[in-house]
Amino acid sequence: QFDTNYASGRSGMVHLFEWKWDDIAAECENFLGPNGFAGVQVSPVNENAVKDSRPWWERYQPISYKLVTRSGNEEQFASMTRRCNAVGVRIYVDVIFNHMAADGGTYGTGGSTASPSSKSYPGVPYSSLDFNPTCAISNYNDANQVRNCELVGLRDLNQGNSYVQEKIAEFLNHLIDLGVAGFRVDAAKHMWPADLGVIYGRLKNLNTDHGFSSGSKAYIVQEVIDMGGEAISKSEYTGLGAITEFRHSDSIGKVFRGKDQLRYLSNWGTAWGFAASDRSLVFVDNHDNQRGHGAGGADVLTYKVSKQYKMASAFMLAHPFGTPRVMSSFSFSDTDQGPPTTDGHNIASPSFNSDNSCSGGWVCEHRWRQIYNMVAFRNAVGSDGIQNWWDNGSNQIAFSRGSRGFVAFNNDNYDLNSSLQTGLPAGTYCDVISGTKNGSSCTGKTVTVGSDGRASIYLGNSEDDGVLAIHVNAKL
Ligand SMILES: O=C(NCCCOc1c(-c2ccc(O)c(O)c2)oc2cc(O)cc(O)c2c1=O)[C@@H]1CCCN1C(=O)/C=C/c1ccc(O)c(O)c1
């Protein structure tokens with residue numbers, strides 16, 4: 001279903017891609033809880049095939065539903081959900097039940113063996129009776145092939161089989177018992193909506209022992225890569241749960257790379273071809289398309305183009321459309337490269353600099369001031385709508401969120417220097433992009449709003465950040 005189960009007053013989900021459970025628990029307590037984040041999407045928790053070079057995508061080759069991966073074991077997972085829920089940060093699990101591991105004889109991160117060639121996975125157990133006949137997906141315009149054949153040789157489970165439904169429901173209900181708030185369903189496009197409906201229908205209510213109100217149901221985000229032009233469309237899935245809106249990632253990348261003018265953002269939302277707001281999980285980039293070959297391709301913005309990335313992230317978090325998810329990456333040069341390790345196998349923990357940024361191969365976009373301050377902005381403005389839209393006819397825009405927040409963007413190659421209507425009460429505000437409110441002063445720009453709500457807004461085109469943002473919780 002579509003309710004995120006967020007604790008009140010919180011917004012902003014972060015994908016702590018490839019982080020270990022113990023490190024996520026600490027991050028909830030030390031950073032995400034105190035900074036008003038609402039949830040964490042974690043990497044797959046089920047046992048996966050071990051591949052020689054430990055590529056990131058080995059975690060998308062299931063061997064069993066045992067909770068043992070390079071991120072930790074079941075006990076560490078349970079401790080993480082307990083510690084994160086205790087500080088108001090929910091856990092969403094990336095679950096893979098479209099398929100099982102590919103290739104020859106292989107073993108898993110929990111030591112289980114498997115024989116993909118004979119479709120035998122004793123760790124579950126699954127046998128050849130539980131899989132579709134072997135065929136390769138070669139034509140994305142054939143819906144039957146996309147659902148019933150194999151994605152890059154990954155053995156295709158038959159979710160219409162009642163035993164398979166039972167094993168998947170058992171896996172998901174085990175996670176619900178451990179306190180999770182929902183799921184990101186991997187490769188949902190490759191499963192029949194009817195079968196997904198049966199599986200979701202077998203889910204228990206969330207565990208009230210973790211602070212969920214009784215009768216709560218898991219928030220479901222279905223990965224459906226739909227950029228148009230294929231037989232399968234996201235609308236087949238939006239009745240079951242939310243979907244990952246890849247068009248948002250593609251469009252926001254195009255706009256902030258200067259391929260579309262910012263003034264066109266005035267009707268950002270379903271007019272751009274996105275699913276309904278409460279059915280759209282939105283993002284600037286994700287673990288797959290930040291590597292260039294996923295959906296959205298070359299226009300997707302990543303940490304590697306940081307000025308545009310921060311502007312796009314600020315826009316996503318300032319705008320009321322959708323449920324935003326911030327990507328938190330490890331740095332990579334090769335698109336198959338896995339997370340930083342201590343010894344080629346064990347994932348390294350992030351280390352932190354004095355300015356709270358990460359090191360040790362972790363990028364931690366969620367710890368960039370311009371991004372975490374915009375999560376606080378989103379919390380401050382709540383559900384207030386957009387008002388006072390202004391643009392200069394090209395790439396300078398500004399808008400307020402009710403009377404609680406105001407943002408301005410400059411993607412032109414000349415300064416923005418105007419008196420604009422902020423919608424805010426008179427007073428002095430700290431710009432939360434160039435700095436932050438520190439007691440009774442601002443470490444960055446200060447903005448004075450007059451009794452008429454207007455303020456003089458300056459954004460030099462060569463400044464580090466092309467955004468200015470003020471809100472009622474950053475008022476002196
Ligand atoms: O060249 C590759 N794959 C072929 C092109 C990408 O196709 C894949 C898609 C995919 C791509 C585009 C679509 O429109 C679509 O419906 C599906 O979804 C997956 C989902 C998985 O759980 C595991 C996978 O191996 C894939 C995958 O290979 C490399 C080597 C194997 C993994 N991989 C990859 O590139 C892995 C990609 C990957 C992994 C996990 C994901 O959740 C994901 O979205 C993509």
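First listed ligand is number 1; within each ligand, the first listed atom is number 1.
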Worksheet entry | Proximity winner for atom 10 (C) of ligand 1, if only heavy atoms of Leu151, Asn286, Ile137 are counted | Leu151

Worksheet item: Does the pair Lys307/Asp465 count as a salt bridge with the N-to-O cut at 4.0 Å?
Response: no

Worksheet, complete the sentence: The closest protein heavy-atom partner of atom 27 (C) of ligand 1 is Val152 CG2, 4.1 Å

Fill in: For His190, the ligand 1 atoms whose distance to one of its heavy atoms is below 4.0 Å
15 (C), 16 (O), 17 (C)

Worksheet item: For the residue pair Phe315 and Phe409, is the inter-centroid distance of their aromatic rings smaller than 6.0 Å?
Response: yes

Worksheet entry | Nearest protein heavy atom with distance in Å, relative to atom 44 (O) of ligand 1 | Glu223 OE2, 2.3 Å

Worksheet item: Does any N/O atom on Asp336 come nearer than 3.5 Å to any N/O atom on ligand 1?
Response: no

Worksheet item: When you check the side-chain N and O atoms of Asn289 and Ser249, is any donor under 3.5 Å from an acceptor?
Response: yes

Item to complete: Between Trp57 and ligand 1, find which residue part has any heavy-atom pair under 4.0 Å and reply side chain, backbone, both or neither.
Response: side chain

Discussion item. Quiz question for you: does at least one protein heavy atom lie closer than 4.0 Å to atom 16 (O) of ligand 1?
Written reply: yes

Worksheet item: Parallel, tilted or perpendicular: which describes the rings of His319 and Phe399, with under 30° parallel and over 60° perpendicular?
Response: perpendicular

Response to the item:
So the atoms of ligand 1 within less than 4.0 Å of a heavy atom of Arg184 turn out to be 42 (O)

Worksheet item: Out of Thr4, Val40, Asn85, which residue meets the side chain to side chain contact (heavy atoms under 4.5 Å, CB included) rule with Arg90?
Response: Asn85

Response to the item:
Short version for Leu154: what comes under 4.0 Å of ligand 1, heavy atoms counted, is side chain

Worksheet item: Out of curiosity, is Arg291 lining ligand 1, as in a heavy atom under 4.0 Å away?
Response: no

Worksheet item: What are the atoms of ligand 1, with element, lying closer than 4.0 Å to any heavy atom of Ile225?
Response: 12 (C), 13 (C), 14 (O), 15 (C)

Discussion item. Taking disulfide bond (SG atoms under 2.5 Å apart) as the cut-off, I'd like each qualifying pair that reaches into residues 135-234, sequence neighbours left out, listed once.
Written reply: Cys135-Cys149

Worksheet item: What's the shortest distance from atom 42 (O) of ligand 1 to any protein heavy atom, and which residue and atom give it?
Response: Asp186 OD1, 2.5 Å

Item to complete: Specify whether Phe17 and Phe330 have parallel, tilted or perpendicular ring planes, treating 30° as the upper limit for parallel and 60° as the lower limit for perpendicular.
Response: parallel

Fill in: Non-hydrogen side-chain atoms of Met327 and Tyr303 separated by less than 4.5 Å
no

Fill in: Parallel, tilted or perpendicular: rings of Phe321 and His248 (30°, 60°)
parallel

Worksheet item: Should Phe97 be listed as contacting ligand 1, given a heavy-atom distance under 4.0 Å as the test?
Response: no

Fill in: atom 35 (O) of ligand 1: the protein heavy-atom neighbour that sits closest, reported with distance to 0.1 Å
His293 CE1, 3.3 Å

Response to the item:
Closest to atom 14 (O) of ligand 1 (heavy atoms only, candidates Gln61, Lys189, Glu58) is Lys189

Worksheet, complete the sentence: So ring pair (Phe, Tyr, Trp, His ring centres under 6.0 Å) across residues 64-91, not counting sequence neighbours, yields Trp21-Phe77, Tyr65-Tyr126, Tyr65-Phe171

Worksheet item: Between Phe246 and ligand 1, which residue portion shows a heavy-atom distance shorter than 4.0 Å: side chain, backbone, both, or neither?
Response: neither

Response to the item:
One finds that the ligand 1 atoms under 4.0 Å from a non-hydrogen atom of Trp56 are 36 (C), 37 (C), 38 (C), 39 (C)

Discussion item. For Tyr309 and Trp368, take the angle between the two ring planes, folded into 0 to 90°, and tell me which bin it lands in: parallel under 30, tilted 30 to 60, perpendicular over 60.
Written reply: perpendicular

Worksheet item: Would a 4.0 Å cut-off, counted as strictly less than, catch a protein heavy atom around atom 5 (C) of ligand 1?
Response: no

Worksheet entry | Geometric cation-pi criterion Arg247 and Phe274, 6.0 Å radius, 45° cone | no

Practice prompt. Provide the number and element of each atom of ligand 1 under 4.0 Å from a heavy atom of Tyr60.
Written response: 21 (C), 22 (O), 23 (C), 40 (C), 42 (O)

